[in-house]
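One structure below.
Sequential numbering from 1 along the given sequence is applied to the chain's residues. Everything numeric in this text was worked out from a predicted model, so none of it was measured.
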Amino acid sequence: MENPFPFSDDNKRYHTQNYYLRHRFGGKVFKVSLNAGLTCPNIDGSKGIGGCSYCSAGSGDFAGNPLLSIPEQFEEVKNKMESKWSGKYIAYFQANTNTYAPLPKLRELFESALAQEDVVGLSIATRPDCIEDDVADYLAGLSKRTYLTVELGLQTVHDITGERINRCHTYSDFLKGYEKLHGRGINVCAHIINGLPGETHEMMLETARELSRLDLHSIKIHLLHVIKGTRIADEYLRGEFSLLSLEDYVQIVCDQIELFRKEVIIQRVTGDGNKETLIGPLWSLKKFVVMNEIDKEFVRRNSFQGKKYPFY
């Protein structure tokens, strides 16, 4: 069946990060995950303690070694990647909350990453309630010099779920952070998680509907991973919620992607789990199987990203 989706030159029926970066930069671009050694207001006590209930290590499990400098981390991670691939790079500040520091500290971190050879952009993961005006102004200037994306962790638009997972910010807080960045012309990526405790299929679609009303640059769709040692693992082992099946997850993701306008980049449709610490869903360890099932479902439906946009 012919692929009707315009932002694709393979079998994908959604606007992938790979497609966008290849067409923007003329070749393969890879993310190099870094750890700036910063903390999080949900860990240090200013907003909460213990972090989100699903969080194993302040996020960024696969980021660099925080004991090394940013240039040293970059070189170490890049060298591992170049044993398989080569190309240009985006420096990805992944671990914890990467705007949660004074501006001089952040400027030093981001400029040192941007100075590395073949770096064509920055991705900065943070919380929407941790963007001071002076930092936003600096990021606006940075976005004029390089390809910058600020990734805001939302996870869900439902505040009742946010309270249950100890997120310690509201959807209203997310919208304020989004407006602060978007109003300055900064690319915003929103993170959502499917399968959070208590959420129904319809609730997860409502998260997608609400985000589709915004002018987002990109979306990351994650699956809830239950990791050993986390509070959510204790809840799961006590039988307080169930995990999604592969079949249910595929249906939810396809339903969500149909709601986003075609130009929005879908940076990911599932996540990477560590088989040593993952309690479930164990089917998620076969990442390419999950991605292939999503592709097959779009073909089965004769559907694609944006087919149901706009819905309002």
Contacts of His158 meeting ring-ring contact (aromatic ring centres under 6.0 Å, His included) (sequence neighbours excluded), chain-then-number -> none

Can you list every side chain to side chain donor-acceptor pair (under 3.5 Å) pair that touches residues 224-235, not counting sequence neighbours?
His225-Ser284

Scan residues 90-99 for pairs that pass salt bridge (charged side-chain N to carboxylate O under 4.0 Å, His left out), counting only residues two or more places apart or in two chains.
none

Quick test of your reading of the model: are Lys31 and Glu151 salt-bridged, counting only N-O distances below 4.0 Å?
yes

Joining Ile, Leu, Val, Met, Phe, Trp and Tyr whenever any side-chain heavy atoms lie under 4.5 Å apart, the cluster holding Phe5 also takes in Phe7, Tyr19, Phe304

Check Asp9 with Arg22, please: is the shortest side-chain N to carboxylate O separation under 4.0 Å?
yes

Salt bridge (charged side-chain N to carboxylate O under 4.0 Å, His left out) partners of residues 36-45, not counting sequence neighbours, each pair once
none

Whether Arg209 and Glu206 form a salt bridge (side-chain N of Lys/Arg under 4.0 Å from carboxylate O of Asp/Glu) is what I want to check.
yes

Could you give all pairs that pass the ring-ring contact (aromatic ring centres under 6.0 Å, His included) test and reach residues 104-130, with sequence neighbours left out?
Phe93-Phe110

With sequence neighbours left out, the residues meeting ring-ring contact (aromatic ring centres under 6.0 Å, His included) with His217 are Tyr20, Tyr147

With a 3.5 Å distance limit and no angle check, can you tell me whether Arg127 reaches the backbone of Tyr100 through a side-chain donor-acceptor pair?
no

Considering residues at least two apart in sequence or located in another chain, which fulfil the side chain to side chain contact (heavy atoms under 4.5 Å, CB included) criterion with Arg184?
Asp133, Ala136, Asp137, Ala140, Lys180, Ile186

What residues, two or more places apart in sequence or in another chain, satisfy ring-ring contact (aromatic ring centres under 6.0 Å, His included) together with Tyr309?
none

Which residue pairs satisfy the ring-ring contact (aromatic ring centres under 6.0 Å, His included) criterion with at least one member in residues 260-290, sequence neighbours excluded?
Tyr249-Trp283

How would you list, by chain and number, every residue that makes a ring-ring contact (aromatic ring centres under 6.0 Å, His included) with Phe30, sequence neighbours excluded?
Trp85

Once salt bridge (charged side-chain N to carboxylate O under 4.0 Å, His left out) is applied, what residue pairs with a partner in residues 294-312 remain, sequence neighbours excluded?
Lys12-Asp295, Asp255-Arg301, Glu258-Arg301, Glu258-Lys308, Glu293-Lys296, Glu297-Arg300, Glu297-Arg301

